[in-house]
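Everything on this sheet refers to the single structure shown next.
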Amino acid sequence: MRRPARFAAVVACGVTLVGCAGGVPRNTAGQVTAPASIDAFQITVGDCTGPMKEGDVSSLQVVPCEQAHNFEAYAVTNLAGSSFPGETEVTKQADKFCSAEFRTFVGLATKDSKFDMFFLYPTESSWAGGDREVLCLAGSTKGGVKGSLKGLAK
């Protein structure tokens, strides 16, 4: 199980993602070539997604980035530690990492950008299974994003 959080200004909205299996059509460069429903653990940096739903969801929709989408995965890290530090600490570390990477990727701080930052992070139960990954996404809850947000400085 992974839990995403979206930050707009200082307001956080948490939701839970639960995965299910599904293949991802990719070209030799690793880019998604057709829309697909995938397990939350299958999304990788460079993938573009449909909307993120609040509450439990069974999968994520990935689409080719040149098609209209909501979010683009732009950075990933693994948190350290053998015991789960608590959701507050996990989201604090994820927010710090994703905010710094957002500035590098988009070209502006999150507070100055028209785009939203969202991240997937481990829950206590997924941590027990070895999940330490934080995956950062940038985009718009309204959708309509086309192409990559890299260096747009908007």
Side-chain angles (χ1 to χ4, degrees), residues 1-17 19 22-55 57 59-81 85-123 126 131-154:
M1 182 184 311
R2 294 176 104 176
R3 189 166 288 164
R6 182 178 67 82
F7 288 84
V10 260
V11 180
C13 174
V15 296
T16 303
L17 291 179
V24 182
R26 296 182 185 276
N27 62 21
T28 56
Q31 299 164 323
V32 173
T33 58
S37 183
I38 66 167
D39 181 288
F41 289 96
Q42 289 180 295
I43 188 169
T44 62
V45 170
D47 286 351
C48 293
T49 74
M52 299 288 186
K53 297 179 183 178
E54 291 191 31
V57 295
S59 62
L60 292 172
Q61 184 74 20
V62 291
V63 297
C65 292
E66 63 272 1
Q67 294 179 8
H69 59 275
N70 291 73
F71 291 96
E72 176 181 1
Y74 65 90
V76 65
T77 191
N78 284 296
L79 302 177
E87 186 171 349
T88 301
E89 182 59 26
V90 168
T91 58
K92 179 181 170 184
Q93 290 179 37
D95 182 47
K96 182 178 179 180
F97 173 78
C98 291
S99 292
E101 293 297 316
F102 186 97
R103 178 185 287 274
T104 300
F105 181 72
V106 174
L108 291 174
T110 55
K111 66 181 179 64
D112 299 323
S113 177
K114 73 176 193 173
F115 297 109
D116 299 313
M117 181 183 77
F118 201 95
F119 51 81
L120 303 177
Y121 62 93
T123 63
S126 71
D131 179 24
R132 304 290 188 274
E133 186 176 275
V134 170
L135 182 75
C136 310
L137 299 104
S140 171
T141 57
K142 296 175 185 175
V145 177
K146 285 193 175 183
S148 178
L149 302 180
K150 184 174 183 163
L152 282 185
K154 291 183 181 182

task = Would you sort out whether Asn70 and Val145 count as a side chain to side chain contact (heavy atoms under 4.5 Å, CB included), showing the intermediate values?
result = CA-CA 6 Å; Asn70 291 73; Val145 177; over 6 Å; no
request  = Go through Asp95 and Phe119 one step at a time and tell me if the side chain to side chain contact (heavy atoms under 4.5 Å, CB included) criterion holds.
outcome  = CA-CA 8 Å; Asp95 182 47; Phe119 51 81; 4.0 Å; yes
ask   = After noting the C-alpha distance and the side-chain angles of Val63 and Thr49, does the key distance pass the side chain to side chain contact (heavy atoms under 4.5 Å, CB included) rule?
value = CA-CA 6 Å; Val63 297; Thr49 74; over 6 Å; no
request  = State the CZ-OG1 distance between Arg132 and Thr77, to the nearest 0.5 angstrom.
outcome  = 12.5 Å
Check: Asp116 side chain, Ser140 main-chain N or O, donor-acceptor pair, under 3.5 Å = no
key: Asp39 backbone acceptor or donor facing Gln42 side chain under 3.5 Å   = yes
ask   = Can you tell me how far CZ of Phe115 sits from CG of Leu108, rounded to the nearest 0.5 angstrom?
value = 9.5 Å
ask   = Is there a donor-acceptor pair closer than 3.5 Å between any side-chain N or O of His69 and the backbone N or O of Cys48?
value = no
request  = For the pair Phe102 and Tyr74, name the ring-plane relationship: parallel under 30°, tilted 30 to 60°, perpendicular over 60°.
outcome  = perpendicular
ask   = Once you round to the nearest 0.5 Å, how far does CZ of Phe71 lie from CG of Leu60?
value = 11.0 Å
key: Sidechain-backbone polar pair: Arg26 side chain, Ala34 backbone, donor-acceptor under 3.5 Å   = no
key: Residues which pass side-chain hydrogen bond (donor to acceptor under 3.5 Å, both in side chains) with Thr104, listed by chain and number, not counting sequence neighbours   = none
ask   = If only atom types and distance count, is the side chain of Asp47 paired as donor or acceptor with the main-chain N or O of Thr44 below 3.5 Å?
value = yes
key: Partner residues of Phe97 under the ring pair (Phe, Tyr, Trp, His ring centres under 6.0 Å) criterion, sequence neighbours left out   = none
ask   = Between CZ of Phe105 and SG of Cys98, what distance do you get to the nearest 0.5 Å?
value = 12.0 Å
key: side chain to side chain contact (heavy atoms under 4.5 Å, CB included) between Leu137 and Met52, intermediate numbers included   = CA-CA 11 Å; Leu137 299 104; Met52 299 288 186; 3.7 Å; yes
query = Would you say the side-chain atoms of Thr91 pair up with the backbone N or O of Thr88, donor to acceptor, closer than 3.5 Å?
reply = yes
ask   = Got a second to check how far Asp131's CG is from Thr123's OG1, nearest 0.5 Å?
value = 7.0 Å
query = Heavy-atom distance under 4.5 Å between the side chains of Glu133 and Val76, does that happen here?
reply = yes
request  = Mind checking the CG-SG spacing from Leu120 to Cys136? Nearest 0.5 Å is all I need.
outcome  = 9.0 Å
key: Atom of Pro35, atom of Pro64 and distance for their closest heavy-atom approach   = N-CD, 3.9 Å
query = Is it true that the side chains of Tyr121 and Glu87 contain a donor and an acceptor less than 3.5 Å apart?
reply = yes
request  = Verify, without hydrogens or angle tests, whether Ser126 (side chain) and Pro122 (backbone) share a donor-acceptor contact under 3.5 angstrom.
outcome  = no
ask   = Excluding sequence neighbours, so at least two apart, what forms side-chain hydrogen bond (donor to acceptor under 3.5 Å, both in side chains) with Asn27?
value = Gln31
Could you pull out every donor-acceptor pair under 3.5 Å between side chains of residues 147-154 and any protein atom, sequence neighbours left out?
residue, atom, partner, partner atom, Å
Ser148, OG, Glu72, OE1, 3.2
Ser148, OG, Glu72, OE2, 2.9
Ser148, OG, Lys150, N, 3.1

inquiry  = Suppose we screen for side chain to side chain contact (heavy atoms under 4.5 Å, CB included). Which residues come up paired with Pro85, at least two apart in sequence or across chains?
reply    = Glu89, Val90, Trp127
message = According to side chain to side chain contact (heavy atoms under 4.5 Å, CB included), who are the partners of Ala109, at least two apart in sequence or on a separate chain?
response = Arg103, Lys111, Asp112
